[in-house]
Amino acid sequence: MASHRKPRQRPLSGGPVRTTAATLALAGAATATVFEGTSQADPRPTPAQIKSEVDRLYEEAEAATEQYNGAKEQADEAERALTGLREETARKTDQLNTARSALGTLAASQYRSGSLGTAVQLALATDPQEYLSQAAFIARAGDRNAAGVTTVRRRLDEVGKLREQAAGRLADLRSRQDELAGHKAAIEEKLTAAKNLLARLTAEERAAYEAQSPGGPAAGPAGPAAPAGHAASAAPRGSTPPSPADGSRAARAVAFAYGAIGKPYVWGATGPGSFDCSGLTQAAWRSAGVSLPRTTYTQINAGRRVSRDQLAPGDLVFFYSGVTHVGLYVGNGQMVHAPRPGSTVRLAPVDSMPWAGASRPA
């Protein structure tokens, strides 16, 4: 009977298929992604790999920052326009209410004076001449009545159109605000990822990264940048910034940029205590009386394009294929720029980043 059969013994180890599957699973866990794996068997990313990834994240964050700057400029413009429309609507509404009140008063007066026929009023008048004068006044009042109606209608149309425009501007503003929030989230996500990667470097590796990165201390043929707080001695050897006393606007822009050396990079900032890259160049030229647009991709078209061999102090120099970074050329192959989050405004060689072009605002 079945009850007397010996139970079948299970092998201590699985069959070939199960063993192979388990082996593959373990092998997969041991070769997880360099930047995302958590297994003890994960290979540690090399400093070069981390540098490459962090540089990419910073470049993408800067591109998102310039998109944020552009959206913010448009949002600010929409908000100013909306405020102006609301103020104009309030003025027109006051004028409408005044016209309505005047029309109502005139209509009430005519109603009270026009209750009797004209011939009867003339026959009963104690002073026919006075009545005739009053009749002429009433006729003129009728003309004013018609003009009052026209005024009220015109004011109603004006107020209606202004309210429609304000509603459109409000919708535009809300759209820009949503766009701002999206760019802000993208920036913060990339900066957090970069920070987490940098935390995996040793102190020595981190110092080496800072020295080699475009945002690191300038060290080239012209010499290193001065420490933060010593902008007056930050000029490259063999070159001094043009003096504002020479009267040129470029000189004033360069002097402003030198004065900003050591101030922190903060994305979206336009000074005076902190800057992002296009915020610095905008503020520098504003100090010289020249208005530049807010973003790198609009600043490059704000002046006359110049070739690299024609650079002069004060020119704007742009980098990366998407024109996502800008600095202010100061001569001797150097620029002053606001490199990236975690850094400060500083001198750097213009050949430290991929060249995109240059323009001369004045």
Side-chain angles (χ1 to χ4, degrees), residues 33 35-36 53-89 162-199 213-215 260 263-286 291-302 316 318-327 337-345 353 356:
T33 306
F35 295 117
E36 297 179 356
E53 181 67 5
V54 169
D55 287 347
R56 182 186 68 81
L57 288 167
Y58 276 143
E59 183 181 347
E60 291 178 355
E62 191 157 40
T65 296
E66 291 305 309
Q67 292 169 341
Y68 172 91
N69 291 338
K72 187 175 187 306
E73 188 174 44
Q74 292 172 335
D76 291 344
E77 180 184 350
E79 189 167 12
R80 286 191 297 269
L82 177 60
T83 299
L85 285 169
R86 283 174 169 168
E87 291 173 350
E88 188 176 358
T89 300
L162 286 169
R163 285 175 176 168
E164 287 179 6
Q165 292 175 23
R169 280 295 184 176
L170 179 59
D172 183 35
L173 175 58
R174 287 174 176 167
S175 174
R176 299 299 181 190
Q177 288 172 336
D178 289 342
E179 188 179 352
L180 279 177
H183 291 315
K184 180 179 180 180
I187 294 165
E188 292 177 344
E189 178 183 358
K190 294 178 187 302
L191 294 182
T192 298
K195 181 180 178 181
N196 291 339
L197 280 173
L198 288 172
S213 68
K263 294 185 178 181
Y265 176 106
V266 175
W267 65 266
T270 57
S274 58
F275 302 90
D276 64 16
C277 68
S278 56
L280 173 64
T281 51
Q282 184 188 51
W285 274 100
R286 184 171 56 238
S291 177
L292 291 181
R294 178 64 182 91
T295 63
T296 53
Y297 50 84
T298 52
Q299 287 183 6
I300 195 171
N301 296 316
L316 303 178
F318 300 88
F319 304 93
Y320 300 106
S321 59
V323 193
T324 55
H325 189 75
V326 62
H337 72 144
R340 55 170 174 74
S343 66
T344 59
V345 176
M353 288 177 284

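Everything numeric here is computed off the predicted structure, so don't read it as measured data.
Considering CG of Leu180 and CD of Glu73, their distance stands at 11.5 Å, rounded to 0.5 Å. Taking NZ from Lys195 and OH from Tyr58, the interatomic distance works out to 9.5 Å, rounded to the nearest 0.5 Å. Separating the CD1 atom in Ile187 from the OG1 atom in Thr192 is a distance of 11.5 Å, to the nearest 0.5 Å. The OG1 atom of Thr65 lies 10.5 Å from the NZ atom of Lys190; values are rounded to the nearest 0.5 Å. Separating the CG atom in Asp55 from the CE atom in Met353 is a distance of 11.0 Å, to the nearest 0.5 Å. Rounded to the nearest 0.5 angstrom, Ser175 OG and Gln74 CD are separated by 9.5 Å.
For the residue pair Glu62 and Thr324, the shortest heavy atom distance occurs at CG-O, 3.2 Å. For the pair Ala194 and Val54, the tightest heavy-atom approach, listed with the atom from each and the gap, is O-CG2, 3.9 Å. What you find for Ala302 and Pro293 is that their closest heavy atoms are CB-CD, 3.7 Å. The shortest non-hydrogen separation linking Pro341 to Leu191 is CG-CD2, 3.5 Å. What you find for Gln67 and Tyr297 is that their closest heavy atoms are CA-OH, 4.0 Å.
Using a 4.5 Å heavy-atom threshold, the side chains of Tyr320 and Thr296 count as separate. At least one side-chain heavy atom of Arg294 sits less than 4.5 Å from a side-chain heavy atom of Thr270.
The main-chain N or O of Leu85 is found under 3.5 Å from a side-chain atom of Thr89 such that the two form a donor-acceptor pair. In this structure, the side chain of Lys184 does not engage the main chain of Tyr68 through any donor-acceptor pair within 3.5 Å.
With respect to the salt-bridge test (charged N to carboxylate O, under 4.0 angstrom), the residues Asp178 and Arg174 do not qualify. A salt bridge links Arg56 to Glu53: one of the charged nitrogens lies within less than 4.0 Å of a carboxylate oxygen. Asp172 and Arg176 are joined by a salt bridge, as a carboxylate oxygen and a charged side-chain nitrogen come within less than 4.0 angstrom of each other.
Just one residue in the list Glu66, Glu188, His183 forms a side-chain contact (heavy atoms from CB on, under 4.5 Å) with Trp267, and that residue is Glu188.
The side-chain contact (heavy atoms from CB on, under 4.5 Å) search around Ile300 returns Arg305, Phe318, Val323, not counting sequence neighbours. Under the ring-ring contact (aromatic ring centres under 6.0 Å, His included) criterion, Trp285 pairs with no residue, sequence neighbours left out.
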(message) Go through it in stages, so that I can follow the logic: the residues are Asp76 and Lys72, the test is salt bridge (charged side-chain N to carboxylate O under 4.0 Å, His left out), and I'd like the CA-CA distance, side-chain angles, deciding distance and then a yes or no.
(response) CA-CA 6 Å; Asp76 291 344; Lys72 187 175 187 306; 3.1 Å; yes
(request) Would you check, one step at a time, whether the test side-chain contact (heavy atoms from CB on, under 4.5 Å) holds for Arg86 with Leu170? (result) CA-CA 11 Å; Arg86 283 174 169 168; Leu170 179 59; 4.2 Å; yes
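Ring-plane geometry between His325 and Phe319 is classed as tilted, the angle between the planes lying from 30 to 60 degrees on a 0 to 90 degree scale.
Glu189 CD: 12 or fewer foreign heavy atoms inside a 6.0 Å radius.
A side-chain donor-acceptor contact under 3.5 Å links Gln299 and Thr281.
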